[in-house]
Protein chains: 2
Amino acid sequence: METPDTLPEGDFLRLDRQICFSLHAATRAFNGVYREALKELGLTYPQYLVMLVLWEHRELSVKGIGERVRLDSGTLSPLLKRLEAAGHVERRRSPEDERSVTVRLTEEGAALREKALGVPRRIAAATGLDLAELGDLRERLHALAVRLDAVGPDDLSGCA
Amino acid sequence: METPDTLPEGDFLRLDRQICFSLHAATRAFNGVYREALKELGLTYPQYLVMLVLWEHRELSVKGIGERVRLDSGTLSPLLKRLEAAGHVERRRSPEDERSVTVRLTEEGAALREKALGVPRRIAAATGLDLAELGDLRERLHALAVRLDAVGPDDLSGCA
DNA sequence: CGCGATTGAGTTGCGCACAACTTAATCGCG
DNA sequence: CGCGATTAAGTTGTGCGCAACTCAATCGCG
């Protein structure tokens, strides 16, 4: 349990390097492709994520958005302020709970969806994967994220 | 080739949302686990990437590091300055080419490798994947990154 | 009802990531 | 040799991502 058995530590480090690099490179490559595809919409990748949930719900609290895109208010507040400045959303405090802020699509923000419809196919084409493979990738990444999030702040020390 | 055939655009947008979210969530979950594991080393994840290549080469130019970790000088310059301030590396201009800066591990930086040896196994444990699955993941991510990078700045418009 | 605990947003500070730019050194062609 | 083009690093500015914090509103227990 505490000895590698199959590999010396040095090779572990090498494998880790390869996985780190692959993950890091894939993430930034994806970001780059999205950046290019989103340029004409005037959106960044994280802004696109937020718009995607708003196109499905039209109106959500900051907390509601945060739960769906897994971002906290420290990231969302300035991002939403920029989306508001761009005219895509409106923000106003909720009447029934003055702590909460309701974010709602403007007409313009809702209309932007039409221009976004072509984006997913471009991305899919860039990956060179078909729908089934994309679905499989999504599954694997989702399962991985769930497992990694579950580890949380503890653990990690319990295996050395 | 230019029509979806299998899915209307709206479902494409939904699938894209799911893939976006999975990718984004998995990336940040990975970062979180590494952040935790690297805390005792006093390294961030990108700093760890740089140290990994230096542990293999001992001495590299900024350009050489950039090629290996796929980062430009705009990101590396301040990062390396911080690694230098932490005492892990030295930087000095190359004698034979005054444009180039050579980055070399200090004794302390080289010694840090010993403390890093336990990191990969912790990460692997957190993912819940075995060595074969990790290798497979690495392969897929690498292939994907290569394909996405190959698309480059052009294309993307040629499929709409 | 009153008051401490909790919750939702926002702010601050730091470290990437990247585009666009600057500066200095080197290259290479005529 | 001379000078424009290229190259290597660094700088600047913008936008995430996250930890740590503030502040106001709400909750809930006695």
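From a predicted model like this one, the values you see are computed outputs, not experimental measurements. Throughout, protein chains are lettered first and strands after them, A, B, ... in sequence-line order, and every chain is numbered starting at 1.
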- Message: I need the CG-P distance between A:L49 and D:dC16, as an integer number of Å.
- Response: 10 Å
- Message: Using a 4.0 Å heavy-atom cut-off, does B:T44 contact any base of the nucleic acid, only the sugar-phosphate backbone, or nothing at all?
- Response: sugar-phosphate
- Query: Of the nucleotides D:dC16, C:dA9, C:dG15, which one has an atom closest to the side chain of A:L79?
  - Reply: D:dC16
- Pairing of A:E40 and A:R122 as salt bridge, 4.0 angstrom limit: yes
- Task: Tell me which nucleotide among C:dG10, D:dC16, C:dC18 gets nearest to the side chain of A:R35.
- Result: C:dC18
- Message: It should be established whether A:S100 places a side-chain nitrogen or oxygen under 4.0 Å from OP1 or OP2 of nucleotide C:dA9.
- Response: yes
- Task: Respond yes when some side-chain nitrogen or oxygen of A:R91 is under 4.0 Å from OP1 or OP2 of C:dG10, and no when none is.
- Result: yes
- Task: Could you tell me if the ring centre of B:H24 sits under 6.0 Å from that of A:Y45?
- Result: yes
- For B:V89 and B:L80 the tightest heavy-atom approach is CG2-O, 4.1 Å
- Note on the structure: B:R82 has its side chain closest, among D:dA9, C:dA25, C:dC16, to C:dC16
- Item | Comparing B:V101 and A:P95 on DNA chain D - which has the more 5′ nearest nucleotide | B:V101
- Gap between atoms CG and C1', on B:L76 and D:dT11 respectively (whole Å): 14 Å
- Of the candidates D:dT7, D:dA9, C:dG10, the side chain of A:V62 sits closest to C:dG10
- Item | Residue A:K63, side-chain atoms from C-beta onward, closest of D:dC16, C:dC18, C:dA9 | C:dA9
- Message: Just the rounded figure in Å: distance from P of D:dT14 to NZ of A:K81.
- Response: 15 Å
- Message: Within the 4.0 Å heavy-atom criterion, would you say B:N31 contacts the bases, only the backbone, or no part of the nucleic acid?
- Response: nothing
- Would you mind telling me which residue lines up with the more 5' stretch of DNA chain D, A:E98 or A:D72, judged by nearest nucleotide? A:D72
- The residue, B:D97 or B:R70, whose nearest nucleotide of DNA chain C is more 5′ is B:R70
- Message: Without decimals, in angstroms, what is the distance between A:K39 NZ and D:dT14 P?
- Response: 18 Å
- Measure from OH on B:Y34 to P on C:dC16 and round the result to the nearest Å. 16 Å
- Item | Atom-to-atom span, CG of A:L23 to P of C:dA17 - whole angstrom | 11 Å
- Message: Parallel, tilted or perpendicular: which one describes the rings of B:Y48 and B:W55, with boundaries at 30° and 60°?
- Response: perpendicular
- Of all heavy-atom pairs between A:S73 and A:P78, which one has the smallest distance, and what is that distance? O-CD, 4.1 Å
- Task: Report the nucleotide, chosen from C:dA9, D:dG10, D:dA8, that has the shortest atom-to-atom distance to any side-chain atom of B:S73.
- Result: D:dG10
- Identified pairing partner of C:dG30, criterion: Watson-Crick or G-U wobble below 3.5 Å: D:dC1
- Could you state the CZ-P distance from B:R92 to D:dA9, rounded to the nearest angstrom? 13 Å
- Would you say a side-chain N or O of B:R28 is under 4.0 Å from OP1 or OP2 of D:dC18? yes
- Rounded to the Å, how far apart are B:R99 CZ and C:dT23 P? 18 Å
- Using a 4.0 Å heavy-atom cut-off across all strands, classify B:L71 as base, sugar-phosphate, or nothing. sugar-phosphate
- Task: Would you tell me if any nitrogen or oxygen in the side chain of A:S77 comes within less than 4.0 Å of OP1 or OP2 on C:dT11?
- Result: no
- Message: Any side-chain N or O of B:H24 below 4.0 angstrom from OP1/OP2 of D:dC16?
- Response: no
- Short N-O contact, B:K81 and B:E84, less than 4.0 angstrom: no
